[in-house]
Asks: 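Attaching a single structure in structure tokens format; questions to follow.
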Amino acid sequence: MKHRNPYLLFNINQNVSDEDPGELMREGKYEEAYLLYKKLIDEGQNDSVTLNNCGVALDSMGRHREAIEYYKKAAEKDPFYATAYYNLANSLVYLRRYGEALEYYQKALSINPKLKDAYIDLANLYLLRGERGLMRRTLRYAIEKFRDDEDVIYASSLILIDAGDYRTAISLLEYLNSIREDSKYWNALGNTYYALENYEKALECYQKAINLNPNNEEAWNNMGFTLFTTGDTNGAIECYNKAIGINSRYRQAWYNRAYAYHAIGELNKAVQGYWMALKIEPIDEVAWNNLGNALYNLKKYMVSIPYFMKAVSINPDYEIAWNNIGNALDRMHMHQYSIPFHDKALSINPKFDYAWHAKGHALCELGHNEEALEYLERALELNPEYGETWYWRGRCLYNLERYEEAIDSLKRATELEPEFYPSWELMGDVYDSLGYYNRAWESYTKAMNYVSQDDRDRILMKMGKYGDILNTANPETKAEVFYRIGKYNDVLSIKDENANVIYYKILSLENLGKIREAIKLAERWRDDEKIKKEYDFLQLTTKNEISLKDLDDELCARLGIFLYNDGKKGKGKSILKKCGNAESYYALSEILLQEGLTKEAIRYLEISAGLGSDLAIDRIREVKNSEKIPSKQKENKGN
């Protein structure tokens, strides 16, 4: 859609300024041009042309509502000024006020039936309103009225391309090329063939356009876009570079090049390109959103949020950007704050499958597994081919100890996205929980084929490959590995002062029987939540009188085991009996087995099993079969 160029109207009145606002408009300095027009108007040069031109400057900055007021003032000054009505209609179309726009196009044409651009934009308005019959009738009338005007025929072909009437558009463009070959005609033909997905023919047309005019930046851009579509990203970038070299203010080429870099993971170059596109045209919610996405992919989650916010400030109904704000918050583990943004996206588009997925993910992270499943199931109804949704469904089911269902979900996840290693890793965790250690090992091995370096050590630790970890591990991981394999002095020898390292040093001191040293070290690091919890536990072990009512099941069982191992066997066993939960009865049974009291041990295992311990059920079977296997090394169930 076009506005009348304001500088074409300057000869109607005398410019009283030494500066030329028309020149500023040609240079793209719309703000400066507007301020100069405003100054002229304030000084008394408020004729219809100056008022109209001031509106065009505002329109060029996307300030359509303000522009409308100036067009109306221009029309009041000169009720027969067709250009003002025409520009007013264009602004109303930008604001989607189609009914009013129709009235002003018709007004402009009633005053000046030779205003050919108005016929084209009126046809475009009919297309926007879904009135294709009126669109075609208007274009036929315009072509007949201006039958020798190539611009009208060319503009009509562009409307027909937008309407999807490609055959008619091709006929018009081929007719124009038969009269006089022109680079822009071949470029439009290329666009038509691109829309028909005949990419080879489209590339031929763009090449002909470039041969006729090597400086046709649109043809270079469109050739690049077609190459990108066919998978030749490097070729596409070369074409975009050509377009930008011809016109450094060609916003679409900057944007498309940024998108291409984004697609191949050249994220810093993508950010630069989006910035350049937005400097030229800042009113573009998609570009702001994609800039945010590039920063998000660079793991700059907090930095990305203002750009998503900018996108929704331009278009409050842009559900993708709303959801992306939530995604960024999720990445920062601020799930309670992310949910309203996912909800906003769903209120705009209830069929937005990824927003259902994202909210389900957030709820799962918050521990609301049952509710999370509802959202994930809805996401899968809308898009059953998204592997990560199946993964999160599997995670929720795993959290709910619905292991068989979790396995089914994770198998589907790995079928759809075999390189998404968290699915394989979680499948290993589920098999491990079920006691199927061979299958767990196989799943972890599959995960290792795709895992990132950051997560490699975690999976190796689950596989018990401690030697592999220690070769490249950081101090935190080394501390955990040495602790797991019982090398407590090696833990203490690590020099790093990281909170996680300190935590394992405290545990190592406990296992070496150096309780006072452990307490002293924990006391210095009590600001860390995990160490504070350990400090509180150590304090309990030093008390003569202990109130068990304030202890959770795990802590109560742990206290009893600690006291027993510390030589206070009677007190330890007494506490385990008083705790009265599945964990403590299971721990007591292990102690009794070590003491050779098998019959009594079985009794407490049965109580533990009755309270819901799956480990106790397996252990009863082992003990009754006289297989005195430590609980941490159960028989491999194989496949």
Asks: According to the interplanar angle, ranging from 0 to 90°, do the rings of Tyr296 and Tyr301 count as parallel (below 30°), tilted (30 to 60°) or perpendicular (above 60°)?
Replies: perpendicular
Asks: Say whether, by atom type as modelled, one donor and one acceptor occur between the side chain of Tyr126 and the main chain of Leu102 under 3.5 angstrom.
Replies: no
Asks: Examine distances only and state if a side-chain atom of Asn221 and a backbone atom of Glu217 form a donor-acceptor pair shorter than 3.5 Å.
Replies: no
Asks: Using modelled atom types and a 3.5 Å cut-off, is there a donor and acceptor pairing between side-chain atoms of Trp424 and backbone atoms of Pro418?
Replies: yes
Asks: Classify the ring geometry between Trp288 and Trp275 as parallel (under 30°), tilted (30 to 60°) or perpendicular (over 60°).
Replies: perpendicular
Asks: When you measure from the side chain of Ser248 to the backbone N and O of Ile244, does any donor-acceptor pair fall under 3.5 Å?
Replies: no
Asks: Give the ring-plane orientation class for Tyr255 versus Tyr274, where under 30° counts as parallel, over 60° as perpendicular and anything between as tilted.
Replies: tilted
Asks: Please check: side-chain N/O of Trp390 versus main-chain N/O of Pro384, any donor-acceptor pairing under 3.5 Å?
Replies: yes
Asks: Evaluate the ring planes of Tyr354 and Phe352, with Trp represented by its six-membered ring, and classify them as parallel (under 30°), tilted (30 to 60°) or perpendicular (over 60°).
Replies: tilted
Asks: Check for a donor-acceptor pair, side chain of Asn323 on one end and backbone N or O of Glu319 on the other, with a separation under 3.5 Å.
Replies: no
Asks: Short question: side chain of Asn198, backbone of Lys201 - any donor-acceptor pair under 3.5 Å?
Replies: yes
Asks: Using atom types as modelled and distance alone, determine if a side-chain donor or acceptor of Tyr37 lies under 3.5 Å from a backbone N or O of Thr50.
Replies: no
Asks: For Pro350, is there any backbone N or O sitting under 3.5 Å from a side-chain donor or acceptor partner on Trp356?
Replies: yes
Asks: Quick one: do Arg180 and Asp182 make a salt bridge, cutoff under 4.0 Å?
Replies: yes
Asks: Taking NZ, NE, NH1 and NH2 as the nitrogens, is one of them in Glu385 or Arg412 under 4.0 Å from a carboxylate oxygen of the other?
Replies: yes
Asks: Could you check whether the rings of Tyr119 and Tyr141 sit parallel, tilted or perpendicular, using 30° and 60° as the cut-offs?
Replies: tilted
Asks: Any idea how Tyr194 and Tyr199 line up, ring-wise: parallel (<30°), tilted (30 to 60°), or perpendicular (>60°)?
Replies: tilted
Asks: Taking it one step at a time, do Asn90 and Tyr104 satisfy side chain to side chain donor-acceptor pair (under 3.5 Å)?
Replies: CA-CA 9 Å; Asn90 284 341; Tyr104 286 109; over 6 Å; no
Asks: Does Asn297 form a side chain to side chain donor-acceptor pair (under 3.5 Å) with His262? I'd like the steps, not just the answer.
Replies: CA-CA 9 Å; Asn297 292 334; His262 200 155; 3.0 Å; yes
Asks: Atom CG in Asn222, atom OH in Tyr240: separation rounded to 0.5 Å?
Replies: 8.5 Å
